[in-house]
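The structure appears below as structure tokens.
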Number of protein chains: 2
Amino acid sequence: MSLDATLQDARERVLQTAGPIFAEKGFRDTTVREICDRAQVNLASVNYYFRDKEGLYLEVVRRAHQGLLKQVPTPLWAPETPAEHKLTDFIRALLTRMLGDAGAPWQHSLMLRELLYPTHACRALVEDYIRPQFEVLQAILSELLPESTATAVRQQIVFSIVGQCLYYRVAPHVVRMLVGDADLANHFGVEPLVHHISQFTLAALGASGQGLPAGVPISAPKSRTRRHSSPN
Amino acid sequence: MSLDATLQDARERVLQTAGPIFAEKGFRDTTVREICDRAQVNLASVNYYFRDKEGLYLEVVRRAHQGLLKQVPTPLWAPETPAEHKLTDFIRALLTRMLGDAGAPWQHSLMLRELLYPTHACRALVEDYIRPQFEVLQAILSELLPESTATAVRQQIVFSIVGQCLYYRVAPHVVRMLVGDADLANHFGVEPLVHHISQFTLAALGASGQGLPAGVPISAPKSRTRRHSSPN
DNA sequence: CATGGTATCAAACAAGCGTTTGAATGGCCA
DNA sequence: TGGCCATTCAAACGCTTGTTTGATACCATG
């Protein structure tokens, strides 16, 4: 009930401290002692505020998941926006979040852990966060594909796009070891990858669907509406 | 005694038991007690044969890695084989190993863990197992692309192909939750995915992927026996 | 038989973990 | 002021973990 209550409450300090640690080390390798040390609260605080370690973890995941939703709202395009443009925007948003120069790197690490080795928090994550984006992308593809295209084929294409982007999140070490340093800097940053994956995907769609213009403008209209609501 | 000679040694039983457990639970969540219970050896065996738990883990990773190399040798095609054909074969091999109806599911789980959260065993894995395949795929692409194509672009395409396949290994839960059960069975098995990813990729490359004969079996692995060095 | 090295075993050890406890603290209202 | 409540704290508890120990069985060799 005071002004911001973020750095005041011990509860809040624990939550904010625990997030990055859980993301980096996973649930099991994270100790409540480390959390409490770094948050400068007493060892018993986790059990006092969150009942037990798992209670804290679930709350952290819930927060991270809310934070992602707030930070990356469903993008809105003007109705006359060409679908190729929307696709490129979508891919840019995806890659930006994955390689995260933005303010949310650890939330995605946590999410990736949940997807690979799901806990109780996984289902809500998929339904609330992943499925909406899955359907946005499907809608974009509907504009680029013949009407007759089967749903399953559209979904295969969605996974092909997401898979291309996710790879750089899953296996950054591999990329770093396989390509030279110079190429890494010049051709594997966010924008070069946006260019490649967009071109690659549009070319694939153009050949399988009806003939589409190959050239796609790679303009960068960052239409980020970043709302800031109360942390509740 | 003559059949395998593997079920005799306690050391061997520990190794074979530990593999799947490490793959499923990770290093930290696996207890030596569970391993020894399931292997029906004494609790002290891990320390007796492998010095400590990490010693056992490294040996397990080394074995898994060797097993993968043996099981999936570099495929050899007849020189006149069209590159599109090779690409489809390569993708089929990749997906088969990923979704593994074959005999090696847990080795890949272990590998995936290493890639995401690397330990000391990661570098060797990349150099010995991943890089060779990376270069095979690059060679195939060289046949499909103009001579003038930059190396970095070829590598981006390699990652686009691998990313598409890897997705079904990384996020099988997500796929299962997002698509209907009927579609899952009909369109997301190995062979439908081979078809989709091949077509998608070839279309992107500008080649006509249509009319390729499907159903080419993966070449049988060459049997190569290798005795491992004495425990020291 | 005696011997020495190898393998197996039950038992215990030491450390780290999550969690609990009970007292101390400090603000708020009657 | 005195009592109530939420919060903080140091300390300890109980359990699981990886690891070590010392005794015991096995077995080929002199």
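Chain naming here is simple, since letters A, B, ... match the order of the sequence lines and numbering starts at 1 in each.
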Between CD of A/Gln40 and P of D/dT8 the distance, given in whole Å, is 13 Å
B/Arg28 CZ to C/dG16 P, in whole Å, measures 11 Å
B/Arg33 CZ to D/dT17 P, in whole Å, measures 7 Å
Requested in this report: Report the relative orientation of the aromatic rings in B/Tyr168 and A/Phe159; use parallel for angles under 30°, tilted for 30 to 60°, perpendicular for over 60°.
Outcome: perpendicular
ask   = Using a cut-off of 4.0 Å on non-hydrogen atoms, how would the nucleic acid contact of A/Tyr49 be classed: base, sugar-phosphate, or nothing?
value = sugar-phosphate
Salt-bridge test for B/Asp89 and B/Arg92: reply yes if a basic N is under 4.0 Å from a carboxylate O, no otherwise.
-> yes
From the candidates C/dA10, D/dT19, D/dA11, the one with an atom nearest any side-chain atom of B/Asn42 is C/dA10
B/Leu43 CG to D/dT16 P, in whole Å, measures 14 Å
Per side-chain contact (heavy atoms from CB on, under 4.5 Å), B/Thr17 is matched among B/Glu34, B/Arg38, B/Gln40, B/Glu12 by B/Arg38
- Is any side-chain nitrogen or oxygen of B/Tyr48 closer than 4.0 Å to OP1 or OP2 of C/dA7? yes
note: A/Asn47, atom CG; C/dC17, atom P; distance rounded to Å ~ 14 Å
Rounded to whole Å, CG of B/Asp9 lies from P of D/dC26 at a distance of 18 Å
